[in-house]
Amino acid sequence: MLTLLHLLSSVALLVWGTHIVRTGVMRVFGSDLRRVLSASIQKKGRAFVAGVGVTALVQSSNATALLVISFVAQGLIGLSPALVILLGADVGTALMARVLTFDLSWLSPLLILFGVITFLSQKKNRIGQVGRACIGLGLIILALQLIVVSAEPITQASAVREVFSSLAGDAVLALLIGALFAMISYSSLAAVLLTATLAATGLVPLNIALCIVIGSNLGSGFLAMLSSRGQGAISRRLVLGSLLFKIIGCILVVPWIGLFTQWLRQYSLPPAEVVIYFHVIYNLLRCLLMLPLVEPMARLTTRLISEDPTLTSQLTPRYLDTAALDTPSLALANAVRETLRLGDVIEQMLLGFNEVLRGNQQHKREVAHLKDESDMLYGAIKLYLARLPQDGLSDVDSRRWAEIIETTVNLEQAGEIIDRMTSEMASKSLSKNRSFSIKGIEELNTLHVRLVKNLDLAMSVFLSGDIDNAKRLRRAKHRFRLVNQRYALAHVDRLHQQNVQSMETSSLHMGLLADMRRLNSLFCAVAYYVLEVQEDDRDSNENE
């Protein structure tokens, strides 16, 4: 029992090592890897090589699949180029399995020592994340050694040998075991490395080991299918196409595994080497053969998975890519883009309110619908940022994180105010056939125009952090407040003149002026945040 526990813990260490490597690499090179993928879609050869290279760095075809799925979901990559990248990712996984099974036992302690020192001393810098990746690579190499040591006593047990020997003629069960290995370890790479180790100890017959390797490829396809749950139709088409390519390769090769292993026995090759090289050659040949079938596969999956009209009609987060959470700077950039979308929704609400102000009561329902959409986007951004690991944020990223949170909160509150203003307009003015005076409606329209301009400027400042625009926005806030005060006094003056329209709408008019003043303050708050950051940076430089 203890021996089995040691083996399982060694496998867990292998899985954890691949996770740490993937996290470290994504945090350092995540944006660069995405740029490489997005720039390689013009030609099949470049897309294929990009898939190989990215997967070799992140140590996981599943991680590459998540990147490509996010691109496809955002409409940045077409279905056919994305399928080519995933074919390259399968080859990249196979090549890394070959590299990691070389005798690198001397390298493991060096990588772990260097990685720990670097990571602990510079955790929030890029160098610290490189150290994280080194720790993971060292753990992978160490885990492979531990698996060999842990598996050796198990291979001596006659009962265990009989169990695996009984699988010698059951290729289907071996495929299922391989798929299960890949899904449990969340990595076909880890599954293949474990299979090679078990084959080297003699625990698993060679033909079964090769079937397990093919099954691990299928398992990675099923993992991608699970990862695409909740995604759009095009993302599900992508992972389905990749899985079908793997199933086709499996069907073509498995019937010949028995003859292939009989032919190999005459050369007395090391089983572990056979497993690893088979994995490389199988994936390379399969993917190259599938390249001409990419367009037909894209058409087939498009027929099999149709768009859901109920989903396409709903506003959903477009840029909150969960695969980017391992790259804080990229995740924050995604949150910024989604916040800009939230700003667009608030601006549409303002325009809808202005239509109600002009007497078009049917726009009230549109504003209420936009309010629901703004609440959805606000909640999605908030939860997305909450999932971002705080320990991996630099000081600059931490400030940006706080700025995004504050801006989204202000926009959400602005949506509440606009929705209330619209409802009050419809209930207190339009439904009772009351109208503002000519001067009063002109004043409200003027303030509305200023609000829209200040919101646009605020979103520009939020995106760029430009100091000059932040100062312009601060001045615009003060001018708005002065104009608002002047219009409030003008309304009171009309009351003294016994203006009937002003008297009937006085409560509503003053309430709208107060709400517009609060809206302006919420929009312009980003200017103060940017200017405060500039002052803090200047003070810190002076202290140095």
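Everything numeric in this text was worked out from a predicted model, so none of it was measured.
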For the atom pair CD1 (Ile20) and CD1 (Ile140), what is the distance rounded to the nearest 0.5 Å? 9.0 Å
Are any side-chain N or O atoms of Thr118 and backbone N or O atoms of Gly115, one a donor and one an acceptor, separated by less than 3.5 Å? no
Does Ile208 form a side chain to side chain contact (heavy atoms under 4.5 Å, CB included) with Leu173? I'd like the steps, not just the answer. CA-CA 9 Å; Ile208 293 300; Leu173 184 57; over 6 Å; no
Can you confirm whether Lys382 sits close enough to Thr408 that some side-chain heavy atom of one is under 4.5 Å from a side-chain heavy atom of the other? no
Taking side chain as C-beta onward, heavy atoms only, is Leu293 less than 4.5 Å from Phe245? yes
Looking at Leu332, is its backbone amide N or carbonyl O close enough to the side chain of Trp401 to form a donor-acceptor pair, meaning the two atoms are under 3.5 Å apart? no
Of all heavy-atom pairs between Ala331 and Leu388, which one has the smallest distance, and what is that distance? CB-CD1, 3.7 Å
Taking the cut-offs as 6.0 angstrom to the six-membered ring centre and 45 degrees off its axis, would you call Arg132 and Phe114 a cation-pi pair? no
Does the Ser108 side chain pair with the main chain of Gly138, one donor and one acceptor, at a distance under 3.5 Å? yes
I would like to know whether Val461 and Asp466 meet side chain to side chain contact (heavy atoms under 4.5 Å, CB included); could you show each step before the answer? CA-CA 6 Å; Val461 171; Asp466 185 78; 5.8 Å; no
Could you check if a side-chain atom of Lys246 sits within less than 4.5 angstrom of a side-chain atom of Leu87, using non-hydrogen atoms only? no
Short question: side chain of Thr93, backbone of Ala89 - any donor-acceptor pair under 3.5 Å? yes
Please check if any side-chain donor atom of Asn334 sits under 3.5 Å from a side-chain acceptor atom of Arg337, or the reverse. no
Side chain Ser216, main chain Val213, donor-acceptor under 3.5 Å: yes
Distance in Å, Ile212 CD1 paired with Asn207 CG, rounded so as to fall on 0.5 Å steps: 9.5 Å
Are the side chains of Ile112 and Leu137 in contact, using a 4.5 Å heavy-atom criterion? no
Spell out, as yes or no, whether a donor-acceptor pair under 3.5 Å connects the side chain of Tyr529 to the backbone of Arg399. yes
Considering all heavy atoms, the nearest Ile276-Ala196 contact: CD1-CB, 3.7 Å
Heavy-atom nearest pair, Leu139 first then Gly17, reads CB-CA, 4.1 Å
Interatomic distance, Glu295 atom CD to Leu79 atom CG [nearest 0.5 angstrom]: 9.5 Å
Using the side chain to side chain contact (heavy atoms under 4.5 Å, CB included) rule, take Leu340 and Phe462 through it: C-alpha gap first, then chi angles, then the decisive distance, then the call. CA-CA 9 Å; Leu340 293 176; Phe462 169 73; 4.0 Å; yes
Take Arg400 and Ile404 through the test side chain to side chain contact (heavy atoms under 4.5 Å, CB included) and record every step on the way to the result. CA-CA 6 Å; Arg400 189 57 163 164; Ile404 297 171; 4.2 Å; yes
Taking the side chain as every heavy atom from C-beta outward, state whether Met459 and Thr407 have any pair of such atoms under 4.5 Å apart. yes
Looking only at heavy atoms, what is the nearest atom pair of Tyr282 and Cys250, with distance? OH-N, 3.4 Å
Minimal heavy-atom distance between Ser80 and Val294, with the atoms involved, is O-CG1, 3.2 Å
In terms of heavy-atom contacts, Glu338 and Leu377 come closest through OE2-CD2, 3.6 Å
Nearest-0.5 Å distance that lies between atom OG in Ser9 and atom CH2 in Trp16: 15.0 Å
May I ask you to test the Thr339-Val336 pair for a side-chain heavy-atom distance under 4.5 Å? no
When rounded to the nearest 0.5 Å, the distance separating CE of Met376 from CG of Leu342 is 9.5 Å
Indicate yes or no: at least one non-hydrogen side-chain atom of Phe278 is less than 4.5 angstrom from one of Val253. yes
Kindly say whether Ala298 contributes a backbone atom to a donor-acceptor pair with the side chain of Arg237 at under 3.5 angstrom? no
Find the distance between CZ (Arg286) and CG (Leu252) and round it off to the nearest 0.5 Å. 10.5 Å
Do Leu111 and Ile135 have side chains that approach each other closer than 4.5 Å (heavy atoms only, starting at C-beta)? no
